[in-house]
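Data block below; observations after.
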Amino acid sequence: MPVAYILVPPGASAKALAGEFARFLGVPVTARTTQAQIVDAVCHTYREAGVRLVAIDEIHRLNPRTTTGAEAVDLLKDLTERIGATFVYAGIDVTATALFSGVRGGATRRARHGRRLRAGPPRRRGRADAVP
């Protein structure tokens, strides 16, 4: 399975976000499973499944200015490094949020395989670039 889709739950903690990654590929998680155990299982399972692209939706729900949000953002950076896939973040007005600014935001923008895309309407093509 080369693509994974993760929906960030409202007010997600790092453990809850790791649980969403686990749930997508059916990694079993119980209330007693620690965050470290979930993350290790997720990284192993995603690598074994050959996941190359992780699409994360509703990323604007993470606020790195709170302790809970900062821990979730740090988890994403860790998962980006450990899974080795490209992460694509989607959300509402994300370029104006703290997620992509400040110390943690800079790390989010530069995370391995990551690339920040310009938000807004598509650029107009010139005559030479026109598609028939």
Side-chain angles (χ1 to χ4, degrees):
M1 173 172 301
V3 179
Y5 173 82
I6 309 301
L7 182 66
V8 176
S13 66
K15 184 175 181 180
L17 188 56
E20 290 298 313
F21 275 81
R23 190 164 57 104
F24 182 80
L25 283 185
V27 176
V29 175
T30 66
R32 299 180 90 136
T33 310
T34 67
Q35 179 180 323
Q37 290 170 327
I38 297 169
V39 170
D40 287 344
V42 162
C43 293
H44 173 77
T45 305
Y46 275 56
R47 285 191 310 267
E48 288 295 311
V51 173
R52 293 283 149 240
L53 177 69
V54 179
I56 302 179
D57 199 3
E58 304 290 343
I59 194 74
H60 60 274
R61 291 179 174 169
L62 297 180
N63 181 0
R65 292 184 177 144
T66 67
T67 301
T68 302
E71 290 170 354
V73 170
D74 288 346
L75 171 72
L76 284 178
K77 183 175 182 307
D78 184 44
L79 290 174
T80 302
E81 295 293 326
R82 292 181 61 188
I83 293 172
T86 299
F87 279 56
V88 176
Y89 302 112
I92 299 170
D93 202 19
V94 294
T95 57
T97 67
L99 186 64
F100 293 105
S101 64
V103 175
R104 279 190 169 84
T108 304
R109 284 192 312 271
R110 291 184 303 276
R112 186 174 156 220
H113 301 295
R115 182 174 173 210
R116 186 175 178 190
L117 301 177
R118 185 182 69 83
R123 294 191 177 132
R124 297 184 76 185
R125 294 176 181 229
R127 197 174 262 278
D129 297 325
V131 176

request  = Please name all residues satisfying side chain to side chain donor-acceptor pair (under 3.5 Å) with N63, sequence neighbours left out, ordered by chain then number.
outcome  = none
query = Roughly how far apart are T45 OG1 and E48 CD, rounded to 0.5 Å?
reply = 8.0 Å
task = Would you mind listing every side chain to side chain donor-acceptor pair (under 3.5 Å) that reaches into residues 15-26, with sequence neighbours excluded?
result = E20-R23
remark   = Tightest non-hydrogen contact, residues A22 and V29, listed as CB-CG2, 3.6 Å
ask   = Mind checking what makes side chain to side chain donor-acceptor pair (under 3.5 Å) contact with Q35, not counting sequence neighbours?
value = none
ask   = Just wondering, more than 12 heavy atoms not from R47 lying within 6.0 Å of its CZ?
value = yes
request  = Could you pull out all residues at least two apart from S13 that satisfy side chain to side chain donor-acceptor pair (under 3.5 Å)?
outcome  = none
ask   = At their closest point, which heavy atom of H60 faces which heavy atom of G91, and how far apart are they?
value = ND1-CA, 3.4 Å
message = So which atom in R61 and which in P10 form the shortest heavy-atom distance, rounded to 0.1 Å?
response = NH1-CD, 3.4 Å
query = With A12, which residues qualify under side-chain contact (heavy atoms from CB on, under 4.5 Å), at least two apart?
reply = V8, P9, L62
message = Please report the interatomic distance CD1(I83) to NE2(H44), rounded to the nearest 0.5 Å.
response = 12.5 Å
4.5 Å side-chain heavy-atom contact, L79 and Y46 = no
ask   = Of all heavy-atom pairs between I38 and G19, which one has the smallest distance, and what is that distance?
value = CG2-N, 4.1 Å
note = Residue set satisfying side chain to side chain donor-acceptor pair (under 3.5 Å) with T67, at least two apart, ordered chain then number -> none
inquiry  = Are V3 and Y5 packed together at the side-chain level, in the sense that at least one heavy-atom pair is separated by less than 4.5 angstrom?
reply    = no
query = Do F24 and F21 share a hydrophobic cluster, counting only Ile, Leu, Val, Met, Phe, Trp and Tyr and linking them when any side-chain heavy atoms are less than 4.5 Å apart?
reply = yes
note = D40 meets the side-chain contact (heavy atoms from CB on, under 4.5 Å) criterion, sequence neighbours left out, with R82
message = I need the minimum non-hydrogen distance between L75 and A14, along with the two atoms involved.
response = CD2-O, 3.2 Å
query = For V39 and A18, which heavy atoms make the closest approach, and how far apart are they?
reply = CG2-CB, 4.1 Å
key: Minimum side-chain heavy-atom gap I56-L17 below 4.5 Å   = no
query = Who are the salt bridge (Lys or Arg N to Asp or Glu O under 4.0 Å) partners of D57, not counting sequence neighbours?
reply = none
request  = State the CZ-CD distance between F87 and E81, to the nearest 0.5 angstrom.
outcome  = 9.5 Å
